[in-house]
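Report on the following structure.
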Amino acid sequence: MRAANGDAVVRVENLHKYFGTNEVLKGINLEVDPGEVVVIFGRSGSGKSTLLRCINFLEDPTDGVIEVAGIRLEGGHRTRGKREEIRRLRTHAGMVFQQFNLFPHMTALQNVMEGPVIVKGFKADTVRPMAREILAKVGLADKADAYPIHLSGGQQQRVAIARALAMEPDVMLFDEPTSALDPELIGEVLNVMRSLATELHMTMMVVTHEMGFAREVASRMCFFHEGVILEEGTPTEIFEHTRFPETQKFLDAVL
Amino acid sequence: METGTQLQGAGETRLPAYSAEVPRGSTFQLIAAWLLLAEGGIGLVFLPIIVFSTKTNVAPGKISGFAAGCVLCLGAGVLLYSRWSWSWWVALGVAVGSAAYLVSSRGLTAESEGYVAAGFAAIEIVFLVLGRRAAGRPEAMALASANIPFRVKVAVVWLAIFFMLAVALVLFQLDTAWIKENALYIARGVKFTVYLAVFAIILAVILALFGALGRLSKNPVAYGLTGFYTSFFRGTPLIVQLFLIYLALPQIGQSFGRLSLVNILTFTPFQAGVIGLGLNYGAYMTEIFRAGIQSVGHGQAEAADALGMSYAQRMRRIVLPQATRVIIPPTGNEFIAMMKDTALVSFLGSEVGRAELFRRAQLAASVDVTERLEALLIAAGMYWGLTAIFTFFQRKLERRMGRGYERGAATQRTPHLLQAGPGGSGFGSGAAETEVPESQAQPGVAPPEPPR
């Protein structure tokens, strides 16, 4: 499964993405090693969400190469064979959305079980205990039989994290996971994400504006500006020794 | 009492003081007064018109005399809504006077009609006595009126209409013996009407599902094929399609000169009906299904994709279950509409064993040519009953579909997935409530909101 060169979980090479004539990503190169937490930040429209969505092919990269868990795919048009490869790649990359996107016609437990049962073809009876365990891990053991509509935003997002975790991904992609939440609910979601990083040593790519979380948890931070990674470094480097005025301006605005 | 309330000044204190003016038992009184008006209008104006339009032996002078009485009654009824308490005495006088006039031989030639009309006058007198205290106090009546549930008022209107219809039918002198004899024969057609509709709706749902998936597809073949299908079957009359399937298809088979093909393309009227109705309604329901699928938020498909689901898994597990909630109510409406369109199948000719409702009504009437009215009334009544029953079940089903989605008291915010349903919830529940034609409502079952 692993690619011959190196053992990075995610590898992005010269990634370009156009929406029509608008170039959103202008040649991104990025490698994420196992256990790393990469925080991606930057102004809205700078391409950070698009990068995440290109990594699991929710958007088709216009050009470049994406590699997740050794599955290496080129950008450009989809072919029948590539579609299968994309599906296989996606099972290795768990995605958490800004708007949760839980399945409203299923209980929390059913949401978590859906992937392993339907996509991986496991028996429901074998998945159920594992799903309950994961729900307990995100602190929602008692909400297993609740429908999403009866859960708060923070609880819904934690179920969404559990749903992604249940696929046992090699990397978790977080696309602004707390942006749609009321301020008092943000903490519970960040706590779950923090324990993912510290306890499970999960490889994570997080698009977020929560700079406190980034400072504490991130092993690396990438500042996106107009479709390129303008500045990259450890939290200390980014916060204490900011190199670019654009980064400083953005940090001043959000801190 | 007017000055009393005005002196109290502030708006908040005025309302309780005002409602204290509602006379005891006024709810009943108001129904009485209100009925008087409705009945005065419906009964005393329309009924005589019906009666006299069917009779040729009534002298013109008597018609005008009777019509004048009707107008008087109506006027007296309206007057009850004025502030003059003496209006009650006027109304009573008019009611008693007209009753006397009608019962006397001068009123009408046929005795039975005189008694029917006099019966109305008698009912009016009873209501007048009951509503005695409400006369001359329109504001008290208005207040009391607010206390009568809307559905009670609607139920009263329905009852009044049915009463009128019953009286009218008696006056038409329906052949009850013939009805008793033939009702069962016609009623047996209900079975085949329902069969037709059920088989056809199953076909239509399958076609609509594939039609909608095709219309949403990026594949030009699928999109073009379904586009042609919906365009043709929505662009031509259903009756033409039925004849095409029943009469034209065998001809196509013949033109190929193969007997086997002719046999395959030759259908019984029942089969042709199922195919025609299914194809036609499937084309219309394609739009319903398409809208239902589109009402499921884009995020749902993305979440399914992100888990690694295939197109089929995503549709089957995530999108269609959610779309069903939106699709079911309008599909129920289509089914009910289809049940009525099954009558068109009767034009495909006789297949005596499997004749549906309308065909049987026509057959029965063609044997006894003078009994057309009775036969058609039986058929109409049965169609109506069928639609009423299925409307009832459709509402129940609709309520069931909402389970797990409705916001409980404990929930704080509507997440994006449920807001995705402006298409969703609005299309589903809203349309179903308002689109049910008046004729499909049942007596006593009022619409949930007063249409004001």
Note to self: Is it true that, when you exclude A:K120 itself, more than 12 heavy atoms of the residues, nucleotides or ligands shown sit nearer than 6.0 Å to its NZ?
What the structure shows: yes

Notebook entry, point to check: Atom NE2 of A:H105 and atom CZ of B:R325: how far apart are they, to the nearest 0.5 Å?
Noted result: 11.0 Å

Note to self: If you count heavy atoms of other groups shown closer than 6.0 angstrom to CZ of A:F19, is the number above 12?
What the structure shows: yes

Check: Any side-chain heavy atom of A:M106 sitting closer than 4.5 Å to one from B:P321?
Finding: no

Next item on the list: Tell me, please, which residues at least two apart from B:F192 pass ring-ring contact (aromatic ring centres under 6.0 Å, His included).
Entry: none

Check: Sub-3.5 Å donor-acceptor pair from the side chain of A:N101 to the main-chain atoms of B:G299, do we have one?
Finding: yes

Note to self: At a 4.5 Å cut-off on heavy atoms, which part of A:R163 comes close to chain B: side chain, backbone, both, or neither?
What the structure shows: both

Check: Is any side-chain heavy atom of B:I318 closer than 4.5 Å to a side-chain heavy atom of A:E114?
Finding: yes

Check: Is it the side chain or the backbone of A:I118 that comes within 4.5 Å of chain B heavy atoms, both, or neither?
Finding: both

Checklist line | Part of A:A93 lying under 4.5 Å from any heavy atom of chain B | finding: backbone

Notebook entry, point to check: Applying a criterion of heavy atom separation less than 4.5 Å, what residues of residues 307-314 of chain B form contacts with chain A?
Noted result: B:L307, B:G308, B:M309, B:S310, B:Q313

Checklist line | Contact summary for B:A303 and A:F97, nearest pair of heavy atoms | finding: CA-CE1, 3.7 Å

